[in-house]
Amino acid sequence: MGGIASVLYGAVVYSLFFVTFLYAIAFTGNLALVPKTIDSGTEGPLIPALVINTLLLGLFAIQHSVMARPAFKRWWTRFVPKAVERTTYVLLASLALVALFVHWRPILAPVWTVTNPLGVVVLQAIFWFGWFLVLLSTFLINHFELFGLRQVWARLRGHTLPEPQFRTPFIYKRVRHPIYLGFLLAFWATPSMTAGHLLFAVATTGYILIGIWLEERDLIDLFGDQYRRYRQQVSMLIPWPGRKAKPEPEISHPRPAE
Ligand SMILES: C[S@@+](CC[C@H](N)C(=O)[O-])C[C@H]1O[C@@H](n2cnc3c(N)ncnc32)[C@H](O)[C@@H]1O
């Protein structure tokens with residue numbers, strides 16, 4: 001694929017991702033700005049709703065976990081050019097989310113309902129903080145590389161991509177997975193939890209915990225002892241006093257002979 005075509009493909013997919021990301025906020029937060037949310041629409045029979053919602057969540061989880069693994073990437077970059085591998089991953093992830101938004105069936109039995117005005121405000125604040133944390137953390141780790149734009153831009157400029165760098169900026173010094181923490185806050189913090197929303201929150205929490213286990217295996221393969229030390233020092237999801245990344249020991253280089 002030529003450099004300009006790669007950049008165009010990357011830009012279109014990035015736009016699709018961004019719209020999907022905004023829609024996900026409205027979908028999980030039941031914001032009336034969008035035509036369909038997690039609890040909108042007419043409720044149908046329970047069993048088909050459970051089956052369809054579980055299949056939709058499973059489709060997203062399988063797409064995400066399988067395609068993110070290094071062995072899969074090595075295999076499919078024999079067919080998909082390396083420069084657009086990440087873009088194609090983002091495209092398929094966004095399409096899996098669109099399918100979930102379109103086909104999701106509401107299950108409206110209430111699980112909890114908070115009516116206390118302060119409680120409602122606190123839960124809504126946690127919801128918005130969660131989404132803010134997700135977006136902020138993508139920028140801390142490398143937003144444009146995560147969503148494929150850096151790769152297609154490098155292809156256009158004829159540059160090779162640098163090797164992945166281990167990073168612990170800002171909140172990454174306190175928790176190893178702030179993006180996933182943000183999702184958990186956003187998915188659980190609601191004043192009115194329905195059975196459908198609970199299914200979504202429980203399934204995504206399970207998926208995130210499995211995803212962390214898989215991601216950390218890959219990170220240890222990639223960064224070795226550096227990541228092992230980080231894991232010993234820093235909490236997985238919940239920041240804890242005293243649990244903080246320590247500066248890496250300086251590597252001493254022999255002084256050149258004078
Ligand atoms: C969707 S991001 C999630 C990052 C992290 N798990 C989080 O929740 O903030 C997944 C990508 O981030 C990379 N990654 C995770 N932690 C990293 C770190 N400390 N430094 C560099 N890359 C990291 C992984 O290799 C993977 O490609």
Side-chain angles (χ1 to χ4, degrees), residues 13 16-31 33-69 72-73 76 86 88-112 123 126-128 130-131 133-135 137-138 146-147 177-218 236-237:
V13 169
L16 173 68
F17 144 74
F18 206 77
V19 172
T20 315
F21 178 80
L22 294 178
Y23 199 103
I25 299 176
F27 183 81
T28 51
N30 280 307
L31 308 183
L33 303 164
V34 294
K36 171 96 181 277
T37 72
I38 197 161
D39 293 323
S40 70
T42 319
E43 199 173 11
L46 178 64
I47 301 296
L50 278 176
V51 171
I52 288 172
N53 292 351
T54 308
L55 287 175
L56 291 166
L57 287 160
L59 175 72
F60 180 79
I62 289 170
Q63 180 276 328
H64 240 72
S65 344
V66 173
M67 293 185 74
R69 302 283 70 80
F72 183 87
K73 288 186 196 172
W76 81 310
R86 189 71 193 177
T88 310
Y89 171 88
V90 173
L91 172 65
L92 295 176
S94 303
L95 292 177
L97 271 184
V98 171
L100 188 139
F101 300 149
V102 171
H103 297 291
W104 182 263
R105 307 252 178 123
I107 308 172
L108 299 176
V111 179
W112 71 69
L123 287 167
I126 296 174
F127 169 83
W128 284 106
W131 283 110
L133 184 61
V134 170
L135 196 60
S137 307
T138 65
L146 269 183
F147 298 103
H177 301 286
I179 296 180
Y180 301 149
L181 171 62
F183 282 129
L184 292 175
L185 295 176
F187 296 163
W188 283 94
T190 172
S192 51
M193 180 65 91
T194 60
H197 193 148
L198 185 68
L199 170 69
F200 182 92
V202 168
T204 48
T205 301
Y207 167 65
I208 283 174
L209 294 175
I210 296 169
I212 288 177
W213 178 70
L214 292 169
E215 187 175 306
E216 292 204 332
R217 272 190 347 176
D218 296 342
M236 184 167 87
L237 289 167

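Here, residue 1 is the first one in the sequence, and each next residue gets the next number. Keep in mind that what you see is a predicted model, and the values were worked out from it rather than measured.
Within the structure, the side chain to side chain donor-acceptor pair (under 3.5 Å) test picks out the following pairs touching residues 178-191 (sequence neighbours left out): Y180-E215, W188-T205. Residue pairs meeting the side chain to side chain donor-acceptor pair (under 3.5 Å) criterion with at least one member in residues 98-110, sequence neighbours excluded, do not occur.
Here the closest heavy-atom approach between residue F127 and residue G29 is recorded as CZ-CA, 3.4 Å. Summarising the geometry of G41 relative to L108, their closest heavy-atom pair is O-CD1, 4.3 Å, with the distance given to 0.1 Å. Closest of all the heavy-atom pairs between S65 and L214 is CB-CD1, 4.0 Å. The heavy-atom pair separating W131 from A186 by the smallest distance is NE1-CB, 3.3 Å. The heavy-atom pair separating S40 from P106 by the smallest distance is O-CG, 3.2 Å. Across every non-hydrogen atom of R86 and F147, the tightest pair is CG-C, 4.4 Å.
Contact of the L237 side chain with the L209 side chain is registered, since non-hydrogen atoms from C-beta on lie closer than 4.5 Å. By the 4.5 Å heavy-atom criterion applied to side chains, Y23 and P35 are counted as neighbours. Residues L55 and L59 form no side-chain contact, since every pair of their non-hydrogen atoms from C-beta on lies 4.5 Å or further apart. Taking 4.5 Å as the limit, some side-chain heavy atom of L100 sits within range of a side-chain heavy atom of L57. Between V34 and F101, the closest side-chain pair of non-hydrogen atoms is not below 4.5 Å. You'll find the side chain of T204 stays beyond 4.5 Å of the side chain of F60, heavy atoms only.
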Step-by-step ring pair (Phe, Tyr, Trp, His ring centres under 6.0 Å) determination, H197 to F187: CA-CA 8 Å; H197 193 148; F187 296 163; 8.0 Å; no

I107 vs L46, test: side chain to side chain contact (heavy atoms under 4.5 Å, CB included). Steps then yes/no. CA-CA 7 Å; I107 308 172; L46 178 64; 3.7 Å; yes

D218 and R69: CA distance, side-chain angles, deciding distance, side chain to side chain contact (heavy atoms under 4.5 Å, CB included) verdict: CA-CA 8 Å; D218 296 342; R69 302 283 70 80; 2.9 Å; yes

Could you give me the CA-CA distance, side-chain angles and deciding distance for L97 and L16, then say whether side chain to side chain contact (heavy atoms under 4.5 Å, CB included) is met? CA-CA 11 Å; L97 271 184; L16 173 68; over 6 Å; no

Trace of the side chain to side chain contact (heavy atoms under 4.5 Å, CB included) decision for M193 with L123: CA-CA 11 Å; M193 180 65 91; L123 287 167; over 6 Å; no

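L92 CG to Q63 CD: the interatomic distance, rounded to the nearest 0.5 Å, is 5.5 Å. Rounded to the nearest 0.5 angstrom, F72 CZ and Y89 OH are separated by 10.5 Å. I179 contributes atom CD1, which lies 12.0 Å from atom CG of L184 (distance to the nearest 0.5 angstrom). How far CG of L133 is from CD1 of I126: 12.5 Å, rounded to the nearest 0.5 Å.
Checked options L91, L95, T88; the residue passing with V13 is L91 (criterion: side-chain contact (heavy atoms from CB on, under 4.5 Å)).
Although no hydrogens or angles enter the test, the distance criterion places a donor-acceptor pair under 3.5 Å between the side chain of S94 and the main chain of V90. The backbone N or O of N30 sits nowhere less than 3.5 Å from a side-chain atom of D39 that would complete a donor-acceptor pair.
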